[in-house]
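Data first, discussion second: the structure below is written as structure tokens.
Every chain is numbered from 1, with letters handed out A, B, ... down the list of sequences.
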Number of protein chains: 2
Amino acid sequence: MDKLPKIGRYEFMAEPFHCDFSNHLFMGYLGNHMLNAADFHSNERGYGMNYLNTINKTWVLSRLAIEMEDMPKAYDKFYVETWVDNAMKYFTSRNFKVVSESGHIYGYGKSVWALIDTGSREPSDIFAIREGLINEYIEKDYICPISKSSRVKITDKASLIRFIDTYYSDVDVNGHINSVKYIEHIFDLWDLDWYRQHTIKRLEIAYVAESHQGDRLHFYREQRDSDLDFNVRITKSNELCEETETCRCRVLFV
Amino acid sequence: MDKLPKIGRYEFMAEPFHCDFSNHLFMGYLGNHMLNAADFHSNERGYGMNYLNTINKTWVLSRLAIEMEDMPKAYDKFYVETWVDNAMKYFTSRNFKVVSESGHIYGYGKSVWALIDTGSREPSDIFAIREGLINEYIEKDYICPISKSSRVKITDKASLIRFIDTYYSDVDVNGHINSVKYIEHIFDLWDLDWYRQHTIKRLEIAYVAESHQGDRLHFYREQRDSDLDFNVRITKSNELCEETETCRCRVLFV
């Protein structure tokens with residue numbers, strides 16, 4: 001097999017049912033396409049889930065930042081490019097670039113992934129996978145000009161906006177609440193009237209702990225320095241009503 | 001332009017994030033792919049939304065029945081074939097067949113669509129569209145062996161299982177709650193343990209009235225003759241707490 005290029009490029013279409021009231025792709029679905037691109041890219045290069053599952057390892061998404069100039073509209077074809085720009089023992093960072101057929105750049109993404117053992121749930125050595133295969137695909141020169149996820153400091157003053165229960169369709173093949181569903185729920189914290197006036201500029205999400213079907217998710221929100229800039233904390237609670245943080249996010253509008 | 005065949009055939013993949021805990025495509029996403037196929041098929045043939053929007057008309061999904069032998073698994077490529085098998089003045093019926101690359105038949109779908117005027121919301125004459133263009137594409141011989149949607153009779157004994165509020169990500173470009181979201185919510189009426197023992201065989205859904213962001217949806221369920229066969233009624237309520245029926249469904253498991 002010829003060695004594949006370091007950068008993968010995958011075509012998607014903004015399906016009409018994946019678009020919001022303004023006919024633009026929902027951010028959750030864009031996140032979904034990025035995660036698909038990451039999955040295709042790593043599988044094709046031999047260090048993806050398809051191989052990892054055979055040795056009881058899995059990638060876990062730890063952080064995701066997306067920053068957009070604009071969003072594809074219904075029926076627009078677009079490409080998600082993705083590449084790994086750094087690998088350490090327990091974490092890799094992977095970038096995304098979203099471009100149109102004509103070369104228009106919609107925006108970028110940056111993500112951090114941990115490798116874990118599916119039995120112990122402990123971190124696992126990335127360089128032990130196929131003798132450090134991932135090192136052959138590190139691309140440091142291709143530009144991803146957005147800033148990394150910051151460490152979001154959310155205070156106790158954040159107010160509870162809502163809680164929701166989780167069901168069958170929230171759960172992925174690992175038995176966890178799907179990473180993309182959190183993104184949907186986060187953007188549901190603002191209503192249609194808000195989106196008539198504002199556009200999502202940047203999302204940062206840090207996945208802190210996994211949640212499961214039946215967990216109740218609580219959404220807390222507080223404003224940052226600007227009235228377009230917000231922190232969001234998601235906690236889960238069990239039957240004993242103990243709350244544990246599952247996600248911490250920042251959402252910036254324009 | 002050469003005339004297109006009556007039957008359209010569109011390729012999809014069961015994306016890993018569209019699969020449930022058992023690694024099979026969610027029924028809601030299958031419905032989504034069927035609606036996409038219908039949209040592509042009608043647009044390509046000149047009587048789709050792209051043209052209708054220019055003359056203030058739109059297709060409205062009235063009924064959908066899906067009956068499956070099995071579901072595509074993660075990464076499976078499959079095709080949705082679709083064709084219009086009947087057209088009357090105000091309604092068309094459109095069929096679906098879901099097949100694998102090797103010809104395995106996963107299942108079928110049947111749908112009924114109304115044409116309406118987007119201003120008056122009144123039914124509109126289908127044969128007035130481009131001088132009855134749709135008549136050139138009626139395919140009556142290709143087999144779709146599942147039964148049509150029945151008229152679901154749900155009694156007042158159906159019990160309220162849950163209510164949910166609707167938000168930004170539930171709303172489509174028409175400002176209505178997305179048809180596919182109802183399907184997700186319906187299947188969320190059963191929990192993971194149920195799906196560990198049972199598989200969805202057939203869904204019938206009749207869309208009775210549109211709902212909008214902010215409406216509260218109430219889900220009522222009752223068992224039919226068999227303990228695997230259920231009726232579901234969805235109502236919406238507004239600030240005055242008046243409930244109006246929006247969907248009526250039947251769900252059969254095996």
Contact leader toward chain A among Asn50(B), Asn32(B), Val180(B), where contacts are heavy-atom pairs under 4.5 Å: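 That would be Asn32(B).
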Just so I understand: if I count every heavy-atom pair under 4.5 Å between each of Ile164(B), Asn43(B), Asn178(B), Asn174(B) and chain A, which residue has the most?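 Most pairs with chain A among the choices: Asn178(B).
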Whether the side chain of Gln213(B) engages the backbone of Leu192(A) through a donor-acceptor N/O pair (distance < 3.5 Å, no angle test) should be reported.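 Between the backbone of Leu192(A) and the side chain of Gln213(B) there is a qualifying donor-acceptor contact (under 3.5 Å).
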Side chain of Asp188(A), backbone of Ser169(B): donor and acceptor closer than 3.5 Å? yes
Please examine the side chains of Val173(A) and Phe21(B), heavy atoms only from C-beta on, and report whether any two atoms are closer than 4.5 Å. no
Does Tyr75(B) have more than 12 heavy atoms from other residues, nucleotides or ligands lying within 6.0 Å of its OH?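 Atom OH in Tyr75(B) is packed in, count exceeds 12.
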Tyr51(A), OH atom: more than 12 neighbouring heavy atoms under 6.0 Å: yes
Closest non-hydrogen contact found for Asn36(A) with Phe17(B) is OD1-CD1, 3.7 Å
Distance, nearest 0.5 Å, that separates CD of Glu184(A) from CG of Asp170(B):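 Separation between the atoms: 7.5 Å.
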Worked check of side-chain contact (heavy atoms from CB on, under 4.5 Å) between Tyr167(A) and Arg162(B): CA-CA 12 Å; Tyr167(A) 304 110; Arg162(B) 108 174 24 121; 3.0 Å; yes
Working for side-chain contact (heavy atoms from CB on, under 4.5 Å), residues Phe40(B) and Met13(A): CA-CA 12 Å; Phe40(B) 301 155; Met13(A) 194 190 70; 3.4 Å; yes
Given that the side chain runs from C-beta out, which part of Asp165(B) has a heavy atom under 4.5 Å from chain A: side chain, backbone, both or neither? neither
Answer with side chain, backbone, both or neither: which region of His185(B) has an atom nearer than 4.5 Å to a non-hydrogen atom of chain A? neither
Engaged part of Asp39(A) at the chain B interface, taking heavy atoms whose separation is under 4.5 Å: side chain
With Tyr168(A) as reference, evaluate Tyr195(B), Trp194(B), Phe187(B), Trp190(B) under the ring-ring contact (aromatic ring centres under 6.0 Å, His included) test and give the passing residue. Tyr195(B)
